[in-house]
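Worksheet: the structure to be examined is printed underneath.
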There are 2 protein chains.
Amino acid sequence: MSSSKVLKAKSAPRENYHHGDLEAALLEAAVNLVRVNGPDHLSLRAVAEQVGVSPSAVYHYFPDKDSLISALGDQLFIKMSEMQRVAVGGIRGTSARAARLRYREIGRTYFRWANSEPNLFRLMFGGFCKIEKRGTHESEEAFLMLSKCLDDLLATGVITATMRRYGELISWTAVQGASTLIIEGILPEEAFEELLDGLELAMRGGAK
Amino acid sequence: MSSSKVLKAKSAPRENYHHGDLEAALLEAAVNLVRVNGPDHLSLRAVAEQVGVSPSAVYHYFPDKDSLISALGDQLFIKMSEMQRVAVGGIRGTSARAARLRYREIGRTYFRWANSEPNLFRLMFGGFCKIEKRGTHESEEAFLMLSKCLDDLLATGVITATMRRYGELISWTAVQGASTLIIEGILPEEAFEELLDGLELAMRGGAK
DNA sequence: TGGGTATCTGAATAGTGTTCAGATTATGGG
DNA sequence: CCCATAATCTGAACACTATTCAGATACCCA
């Protein structure tokens, strides 16, 4: 199945027995394999082999294969919320225009992440990583970012107070759902910008 | 891992060599296993064993394990759109109230399906089944049902013409996303009804 | 320097998807 | 009715997987 041999870890190609910090190297190797082969079809042995270590070595850092995947999921949630912070931070200003751009950019970043790395997105939201308390925490951070963005929209008079109440929920779920439906080939890619148009319009109105 | 032995296929417990129609029996066994163990962790051998057949027999009906899963996905898409038809058909009348109830019921049925069988939902939308042309077809059928429902809402003056344009996209993606986020434990279950409230409100307004 | 400990290996077990030669049964034509 | 042919299923094999554990290795601190 594996047509081309991948090179070992870049940080420590052939160190003496003890590998600097395996845990990180394993996660890095795993994320690359998942990206290519999907969250199912991840092989523990392949991860170990790519790092240049015995399969058994993995079990000193993760009790399970599923635990490795869960840890990977946590890492991806953090990475994703960092991308959001960068994206929204890149648009400055207190004008209504800036607030609207920020709103759209939050959604776009979410979708771009999903669309550029579908297999990682599937890992995060496909029931692979058992979220106990960690993942929820990171998700709430992204949620707060969206919440703050909607506050700006309300302050600048772009959205109504009524829709402010439901804006978070609708925006988040719609962007999440669109990401899934598009990467699974059920919705066309162009649908996403259209969705953003619709969402912005919906946020404007909504009063009885 | 398997604590309790499951009984053989009900239709033909121990027929003579040739099993009436395997393909259906295999799919039925597979859907039960996926429901319990998740779309990953599905074992071809376990499917064969539950039907009471050799593992090799599967390959006369499906070239692959992934093909079996894809076929299962197709079946689930059909089943889901049938549930939608039943749900929306149960609410009759041309009043605005009936139209609103239908709108909510479409979303609820979608979510109820996801929430009651999370592993089947994950199979459908988690990148397991490679949709070529089939899955899209069934999805479009469900899409048309929602579309017709929105037409009723427009005709009875519940929603504005502007939001009619984006209503399908927003509603579908939001319900899809909420289903995912809730079954993965990221959003609380109560959020769904709140989302429906918000969606209904959003459909009402939206005009500039 | 030596002892203790964290780290990693090698081999073994049980289970997986997949292939293929051959056994078994159904089916249709004489 | 019987036989040849085709469809269906089995058994064993291969390469691969996760997981366990006794033991080898290298680091670190006393």
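Order of the sequence lines sets the chain letters (A, B, ...), proteins ahead of strands, with each chain counted from 1. Heavy-atom basis, side chains included; hydrogens, waters and symmetry copies ignored. Just so it is clear, the structure is predicted and the values come from calculations on it, not from any experiment.
With distances taken from any side-chain atom of B:Leu22 to the nucleotides D:dC9, D:dT19, C:dC8, the minimum falls on D:dC9. Of the candidate nucleotides D:dT19, D:dC9, C:dC8, D:dT19 has the atom nearest to the side chain of A:Tyr59. Taking only side-chain atoms of A:Ala57, from C-beta outward, the nucleotide of C:dC8, D:dC9, D:dT10 with the closest atom is C:dC8. Of the candidate nucleotides C:dA11, C:dT18, C:dC8, C:dT18 has the atom lying nearest to any side-chain atom of B:Pro55. Minimum atom distance to the side chain of A:Ser54 is reached by C:dG10, of the listed C:dG10, C:dT7, D:dC9.
Whole-Å rounding puts the A:Leu33 CG to D:dT17 P distance at 11 Å. If you take NE2 of B:His60 and P of C:dG17, they are 17 Å apart, rounded to a whole angstrom. B:Glu49 places its CD atom 17 Å from the P atom of D:dC9, with the value rounded to the nearest Å. We find that CG of A:Asp40 is positioned 13 Å from P of D:dA18, with the value rounded to whole Å. Taking atom NE2 of A:His41 as the reference point, atom P of D:dC16 lies 15 Å away to the nearest angstrom. Rounding to whole angstrom units, OH of residue A:Tyr61 and C1' of D:dA18 are separated by 19 Å. Following rounding to the nearest Å, A:Glu23 (CD) and C:dA6 (P) show an atom-to-atom distance of 16 Å. The separation between A:Leu68 atom CG and D:dA18 atom P is 10 Å, rounded to whole Å.
If you take CD on B:Gln75 and CG on B:Leu72, they are separated by 6.0 Å, rounding to the nearest 0.5 Å. Here A:Arg85 contributes atom CZ and A:Met145 contributes atom CE; the two are 6.0 Å apart, rounded to the nearest 0.5 Å.
With salt bridges taken as basic N to acidic carboxylate O contacts below 4.0 Å, one links B:Asp197 and B:Arg104.
Side-chain N/O atoms of A:Gln84 and A:Tyr110 include no donor and acceptor closer than 3.5 Å.
Counting non-hydrogen atoms under 4.0 angstrom, A:Phe62 reaches nothing in the nucleic acid.
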*Yes or no on side-chain contact (heavy atoms from CB on, under 4.5 Å) for B:Val47 and B:Leu27, after CA distance, side-chain angles and deciding distance?*
CA-CA 8 Å; B:Val47 173; B:Leu27 285 172; over 6 Å; no

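In terms of polar N and O atoms assigned as donor or acceptor, the side chain of B:Ser56 never comes within less than 3.5 Å of the base of C:dT18 in a complementary pairing.
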Nucleotide N/O of nucleotides 13-16 of chain C paired with protein N/O under 3.5 Å:
residue: C:dT16; atom: OP1; partner: B:Ser43; partner atom: OG; Å: 3.1

Can you list, pair by pair, the side-chain donor-acceptor contacts under 3.5 Å of residues 30-39 of chain A, counting residues two or more places apart and other chains?
residue: A:Asn32; atom: OD1; partner: A:Arg35; partner atom: NH2; Å: 2.7
residue: A:Asn32; atom: ND2; partner: A:Glu28; partner atom: O; Å: 3.2

Using distance only, find each side-chain donor-acceptor pair of residues 51-64 of chain B under 3.5 Å and give its atom names and separation, not counting sequence neighbours.
residue: B:Ser54; atom: OG; partner: B:Ser56; partner atom: N; Å: 3.3
residue: B:Ser54; atom: OG; partner: B:Ser56; partner atom: OG; Å: 3.4

